[in-house]
Amino acid sequence: MASGQSRQADVLVIGGGIAGSAVAHHLARAGCDVLLVERHDLNTEASGCNSGSLHGQIPYEPFFLNGPEWAETFAPTLQLMRASIDVWAGVEAELGTALDVATPGGLIVGRNEAQMRVIEAKARVERAQGLEVEMLDRGGIERLAPYISEIMIGGAFCPTEGKANPLLAGPAFAKRAEANGARIERHVSVTGLMREGDGYIARTDTGNIYARRVVNCAGAGAGTIAAMLGIDLPVEAHAIQTTVSEPVQPMIHHLIYSADEKLSLKQTAVGTLLIGGGWPADLDEFGRPQVSMRSLVQNMRVALDAVPQLDGIQIVRSWAAIVNGTADWRPIIGEVPGHPGFFIAFFPWMGFTVGPLMGQIIADQVLGRTPHIDVTAFKPSG
Ligand SMILES: Cc1cc2nc3c(=O)[nH]c(=O)nc-3n(C[C@H](O)[C@H](O)[C@H](O)COP(=O)(O)OP(=O)(O)OC[C@H]3O[C@@H](n4cnc5c(N)ncnc54)[C@H](O)[C@@H]3O)c2cc1C
C-alpha cells in the first residue's frame, strides 16, 4: 500500500491476531466488505506466541489469591471458554486445515490437603456453572495420569480442556478470510481514529481509511485504540514467557496445571513439550519482552515437581511476549455505548481459547444478529 493512499471498507478490523483474523473470517464469509490492518505481520504478538492451551476451568492462582467472591464474578466467563472449546472442535473442518486441535482434558494437581481444599472449592464454583469436574484422590491420579509425580496427593480433572497450535490457528482464519474476499494489509499501523459522518476515519501510517464500522482487536494495544475515541478501557499488558522442549515420545497426555505455582504443561502433536503458565518475563531497555531467567528456573522446577520424567529432556527455546489482561480477568466484548459501530473484541489472559468464538460473536453483532451466546454481561461501559 503506497503511503498516503486513502481507502474505505464497510468494516475495519484493527489487529491481526486470532481475534481479528476470526472476526474477519466470519464477516467475509457473510459477504461483508472487510479490511483488516495489522501493524506487524499477522499472528506475531500474543496469538502466535502463546502456549496453545484451551482452558476450560477457573485459573488456580487468581482463585487462590482472590477467593470465591472473585470467582463468582469471573464465573460467567466460563460459559464463553466452554462454548469456544466447542467451536474449536469444528474449526479444522471449517477452515479446511489441520490445527492440531485435541481435547484430552486438563488436570490440576495438588500436593497437600490445603491445596486440595482450594481445588475443591474451585470445582464447586465450576460445577455450579455446569462445568464437568471430577475430583481425584491419589489412586485416581495414578489411574488417569500415571506420569504425575507421586508427591501429588490428588487433583481435579476437567475433560473438556485441550490444546491447539498457535502458530497455525490465527493465520488459518486469515487465509480463509482472504479467500472469501477480505482485504488484509500487513505493516499498517492505526495512529488515530475519529468519528466521521455515520462512520469512522482511521488514520494510518499509509493513509486514511474510512469505515462505517470498526472492530478493535488490538489485544494489549486495545486500550490505545479505544483512547483515540476518548474511551477508557481497563486493559493491561504484561510480559510473560513460555518454553518448548525437544520432541520426545508421547508421555504427557493431558493439559497439566499445579496448585503449587503457575504451570501449564502439555505435549504437542510433534512431541515437543510446552511449559508455561504465565510466568512474568522482563522488559529490555526498549520495552521489549525478554525471558526472565528467574521465572524460567521456577517454571521448570514446578514442572519437574509435577512430572519427574521431565528430568533429562532438553529445553530448546524460551520466549517472551505481551499478554493482554484485565485486573478482574473478565473480557470486554461488544459495541461501545455512545460510539455506534465501534466494537471491542477483547478476551484477557486466555484469549487464544476464546478466539474462534470471539470471531462468531463479534461478526454477529456487527451484522446486527444476536449472538448464540449471551455476552451482555461483558459489554464495554463506554
Ligand atoms: C506467552 C503467552 C502464553 C499464553 N498462553 C495462552 C494459552 O495457553 N491459552 C490461551 O488461551 N491464551 C494464552 N495466552 C493469551 C493469548 O495469547 C491472548 O489472550 C490472545 O492471543 C489475544 O489475541 P488477540 O487477537 O486479542 O491479540 P493479539 O494476538 O495480541 O493481536 C493483536 C494484534 O493487534 C495489532 N495491533 C495493535 N495495535 C495496533 C495498531 N495501532 N494498528 C494496527 N495493528 C495493531 C498487534 O500488532 C497484534 O498483532 C498467552 C499469551 C502469551 C503472551
Side-chain angles (χ1 to χ4, degrees), residues 12-24 36-56 59 80-81 84-85 88 106 161-166 169-170 173-174 185-193 202-206 209 214-228 235-244 255 257 262-266 274-281 289 291 295 299 318-326 329 331-333 344-359 362:
L12 171 66
V13 176
I14 304 173
I18 192 163
S21 300
V23 168
L36 183 154
V37 294
E38 163 56 50
R39 65 183 166 184
H40 308 304
D41 204 342
L42 298 175
N43 212 42
T44 45
E45 302 247 336
S47 296
C49 301
N50 65 63
S51 305
S53 308
L54 302 183
H55 299 289
L80 299 188
M81 293 155 66
S84 197
I85 293 176
W88 272 106
E161 294 191 302
K163 56 194 171 182
N165 190 326
F173 278 110
E185 295 184 7
R186 293 140 176 100
H187 306 291
V188 173
S189 192
V190 172
T191 54
L193 193 59
R203 194 174 296 135
T204 80
D205 48 3
T206 58
I209 299 170
V214 174
V215 186
N216 179 356
C217 298
T224 306
I225 298 292
M228 293 171 183
V235 306
E236 300 175 356
H238 296 270
I240 60 172
Q241 62 190 52
T242 290
T243 293
V244 65
L255 169 58
Y257 311 92
K262 289 187 262 286
L263 177 68
S264 73
L265 169 62
K266 73 190 70 68
L274 277 175
I275 310 170
W279 282 88
V291 171
S295 285
N299 196 178
S318 298
W319 63 91
I322 302 291
V323 64
N324 55 316
T326 52
W329 286 65
I332 307 168
I333 302 170
I344 314 277
F346 186 95
F347 195 96
W349 308 111
M350 299 177 286
F352 182 68
T353 301
V354 177
L357 179 72
M358 185 69 87
I362 294 290

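Every number for a ligand or one of its atoms is a count from 1 in the order of the listing. Computed over heavy atoms, backbone and side chain alike; hydrogens, waters and symmetry mates excluded.
Contact atoms of ligand 1 toward T353: 10 (C), 11 (O) (distance under 4.0 Å to a heavy atom of the residue). Within the listing of ligand 1, atoms 12 (N), 13 (C), 14 (N), 15 (C) sit less than 4.0 angstrom from a heavy atom of W349. The atoms of ligand 1 that sit less than 4.0 Å from any heavy atom of H55 are 7 (C), 8 (O), 9 (N), 10 (C), 11 (O). Those atoms of ligand 1 with a heavy atom of T242 less than 4.0 angstrom away are 1 (C), 3 (C). For ligand 1, the atoms closer than 4.0 angstrom to any heavy atom of F347 are 19 (O). Those atoms of ligand 1 with a heavy atom of H40 less than 4.0 angstrom away are 47 (O). The atoms of ligand 1 that sit less than 4.0 Å from any heavy atom of I322 are 53 (C).
Residues forming a salt bridge (charged side-chain N to carboxylate O under 4.0 Å, His left out) with R203 (at least two apart in sequence, or on another chain): none.
For atom 33 (C) of ligand 1, the choice among E38, E45, H187 with the nearest heavy atom turns out to be E38.
Considering backbone and side-chain atoms together, A321 places no N or O closer than 3.5 Å to any N or O of ligand 1.
There is a side-chain donor-acceptor pair under 3.5 Å between E45 and H40. Side chains of S53 and K266: a donor-acceptor N/O pair is present below 3.5 angstrom, by distance only.
Two residues are said to be in side-chain contact when any heavy atoms from C-beta on lie closer than 4.5 Å; F352 and H55 fail this criterion.
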